[in-house]
Amino acid sequence: MTHMALEVKESLDERCNQILKNMEASLTARDRVGIQDFVLLDPYTSETAFLDNLRKRFHENLIYTYIGTLLVSVNPYKELDIYNKKQMDIYMGVNFFELPPHIYALADNVFRTMQSESNNHFILISGESGAGKTEASKKILQFYAVSCPSTELLNNVRDRLLLSNPVLEAFGNAKTLKNNNSSRFGKYMDIQFDHQGGAVGGHILSYLLEKSRVVHQNHGERNFHIFYQLVEGGEEDLLRWLGLERNCTKYNFLVQGGCAKVSSINDKSDWKTVRKALSIIEFSESETEQLFAIIASVLHLGNIKFEANGQGYATLNNNQGMHWVSKLLGIPNQVLQQGLTHRKIEAKTEEVLSPFSVDHAVYARDALAKAIYGRTFNWLVNKINESLANKDSSRKTVIGLLDIYGFEVFNLNSFEQFCINYCNEKLQQLFIQLTLKSEQEEYETEGIEWEPVPYFNNKIICELVEEKFRGIISLLDEECLRPGEATDLTFLEKMEEEIGGHPHFTTHKLADKKTRKTLERGDFRLLHYAGEVTYCVVGFLDKNNDLLYRSGKEVMQQSKNAIIRHCFPFTEPDSKRRPETVVTQFKNSLADLAEILMAKEAWYVRCIKPNEAKQPGHFDDVLVRHQVKYLGLMEHLRVRRAGFAYRRKYEIFLQRYKALCPETWPNWKGTAAEGVQCLIKHLGFKPDEYKLGRTKIFIRHPRTLFATEDAFQV
Ligand code: ATP
Ligand code: MG
């Protein structure tokens, strides 16, 4: 053996011994703190043992546990002293399994893999509402912000990346019964890195904001945070200019949930953060003013009351709310008044104005408020993207962070829950495809001996929702095409006819006697991967159509507020051409997202909610067991345990490590597969640590690879 090879081998041995020692130490401590990687669990097939381990660790404030490279995280519902610069330093540049599990370890590992392999990655963070996805995504972003190389220019980008969060959360998050800071939109964020690993830019894609919340909140829930922040925290002059009182209870759009104040939320200080963030993301003073004018206008719109005239039509008499909207959005009073009380209809050759009834006017007003808010939100995301854009066109690699609204079940579930839960269904499908399915298929195609692990494939539910012609989305869209004839109930009947026999679908009419008692006549129930959800069909057609009267649109086009004018352009497609329905747009954007993700290497954080009461220290066995089940963690563990954590094409593996062996360095004459065999023989890989497939080498445990990687660095 050459001198260099000997040195490498010694260093490798030493490294392996160290890792083994660490693992032994962790095994001795197991009684108290459990095991830090479920792959080492014995027996690894027992759900009870899995749960015991998770519980043990949770009570020791050890919220993170690995299944190989997948990170399981249990929401502690209290601040832990594990997210700071000191901890980041500890995890920076250290191999995954050498330190206790941490979200920083995952972030660091993804970053280093991206650096060494020059490819793109994404981290899929999943779990139900309140499980800790958004917190996890923020921790990852903070880690990159602190750990990446810095220069003045890069610091600038870093600050913007970080501060985009409080702004988007203010406009897109709200208190729900499940979570006081629940994401009401889906977010995918690319962080772009240059060759030196500096974070040089970012890009955000947002998905379906739950804008019905602007005009309606269920009991115990709030509107989006920004409204309360403005009213509670807004400076005196600003409020005066906006015509707002410092009293949330004065605004119809803020009081329906009956909980304008929440003890864990400090709207005043959050307001300050948002204000500061807006200036750093380069919002000009005038843009900020226009933005607040819009927020205030939505509140004033909510306070507009219509009265019936002699013929029962809606009228507005000297209405305060309307005056403020008119002033703030720069729309003449008369124009606004007419737009709110009439709709335009096209008669044969001319347009005529048809007056609204009071109910109709309220409906049109709410539709306008939702449209204003929803479009402003999209404008905001675009504006943030402009500020994060990297102007340099040289090749970059990216790490994507996916943080979407989690699966949710309330007492009353509507169109919004249907969309959110469908989205989670799709993400679960992606997880299954990328891990359980493709992993096992790959062993087969590579000729690796393999005992298949059975798993529940939720494809059947995805198809029930999105299949062409007969899926729920198609049926809903079909009913939306029959205005005047179709109703929410005809939609229900259509589903009963078309998919009545599906094992994951039932209704009052279809159910057996016992189940029928739990269903109302207007309900349908889906058996999702994460559990049963009963949806009330009322409002499905309306919300899917998302109709905004042309008169409302045209009024907005006359606004002097530049953001509003941008959001309601004159060039908007003619209303005669049917726009895509809400759910179809959502379906298409999710399909695009899946494509974006499939082109990258995947990493996973699976978040678990320990109890429904948002309490620290309380681990509800039944609730956690249910999540462990539906998240597919046991199956994932089985595949991981029996399988191989790492695989690379022979060519890539040889190219990277050939310097470690005198026979393969500098040029190997034979095939790549033979070269790899020669290389691993030289490195002393043990036979049960690896398998050689048709085109790839498979390595059972990442520690073998890390040791090789370390030797390489010597
Ligand atoms: P949703 O799907 O509703 O958006 P989510 O999974 O994004 O839910 P988060 O908002 O991340 O949930 O977490 C809910 C709350 O739980 C947080 O506001 C915070 O109070 C607490 N929490 C979550 N993760 C942590 C953590 N790692 N440390 C301390 N508290 C946490
Ligand atoms: Mg969230």
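Note that this is a predicted model, so its numbers are computed, not measured. Note that ligands are numbered from 1 as they come in the structure, with each ligand's atoms numbered from 1 the same way.
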Q: Give a yes or no on whether a salt bridge exists between K459 and E463, defined as a side-chain N under 4.0 angstrom from a carboxylate O.
A: yes
Q. Which residue pairs pass the salt bridge (charged side-chain N to carboxylate O under 4.0 Å, His left out) test with at least one member in residues 591-606, sequence neighbours excluded?
A. E601-R648
Q. What heavy-atom pair brings L291 and I563 nearest, and what distance separates the two atoms?
A. N-CD1, 3.7 Å
Q: May I ask you to decide if the ring planes of Y64 and H102 are parallel, tilted or perpendicular, using 30° and 60° as cut-offs?
A: tilted
Q: Quick one: which residue pairs count as a ring pair (Phe, Tyr, Trp, His ring centres under 6.0 Å) with a foot in residues 204-223, not counting sequence neighbours?
A: none
Q) Can you name the nearest heavy-atom pair linking E466 to Y422, along with the distance? A) OE1-OH, 2.6 Å
Pick out the protein N or O atoms lying less than 3.5 Å from any N or O of ligand 1, and list each pair with its distance.
from: ligand 1; atom 1: 2 (O); to: K133; atom 2: NZ; distance (Å): 2.8
from: ligand 1; atom 1: 2 (O); to: G406; atom 2: N; distance (Å): 2.7
from: ligand 1; atom 1: 3 (O); to: S129; atom 2: OG; distance (Å): 2.6
from: ligand 1; atom 1: 3 (O); to: N179; atom 2: ND2; distance (Å): 3.1
from: ligand 1; atom 1: 3 (O); to: S182; atom 2: OG; distance (Å): 2.6
from: ligand 1; atom 1: 4 (O); to: S183; atom 2: N; distance (Å): 2.8
from: ligand 1; atom 1: 4 (O); to: S183; atom 2: OG; distance (Å): 3.0
from: ligand 1; atom 1: 6 (O); to: A131; atom 2: N; distance (Å): 3.3
from: ligand 1; atom 1: 6 (O); to: G132; atom 2: N; distance (Å): 3.0
from: ligand 1; atom 1: 6 (O); to: K133; atom 2: N; distance (Å): 2.8
from: ligand 1; atom 1: 6 (O); to: K133; atom 2: NZ; distance (Å): 2.7
from: ligand 1; atom 1: 7 (O); to: T134; atom 2: N; distance (Å): 3.0
from: ligand 1; atom 1: 7 (O); to: T134; atom 2: OG1; distance (Å): 2.8
from: ligand 1; atom 1: 8 (O); to: G130; atom 2: N; distance (Å): 2.8
from: ligand 1; atom 1: 8 (O); to: N179; atom 2: ND2; distance (Å): 3.0
from: ligand 1; atom 1: 10 (O); to: N179; atom 2: ND2; distance (Å): 3.1
from: ligand 1; atom 1: 11 (O); to: K133; atom 2: N; distance (Å): 3.3
from: ligand 1; atom 1: 11 (O); to: T134; atom 2: N; distance (Å): 3.1
from: ligand 1; atom 1: 11 (O); to: E135; atom 2: N; distance (Å): 2.9
from: ligand 1; atom 1: 12 (O); to: G132; atom 2: N; distance (Å): 3.2
from: ligand 1; atom 1: 12 (O); to: N179; atom 2: ND2; distance (Å): 3.2
from: ligand 1; atom 1: 16 (O); to: N75; atom 2: ND2; distance (Å): 2.8
from: ligand 1; atom 1: 22 (N); to: N75; atom 2: OD1; distance (Å): 3.0
from: ligand 1; atom 1: 27 (N); to: Y83; atom 2: OH; distance (Å): 3.0

Q. With under 30° as parallel and over 60° as perpendicular, where do the rings of Y104 and Y83 fit, or are they tilted in between?
A. perpendicular
Q.
In terms of relative ring orientation, are F524 and F540 parallel, tilted or perpendicular, with 30° and 60° separating the classes?
A. perpendicular
**Q.** Check: E221 main-chain N/O paired with N218 side-chain donor or acceptor under 3.5 Å
**A.** no
Q | Of the protein N/O/S atoms, how many lie under 2.8 Å from the Mg ion (ligand 2) | A | 2
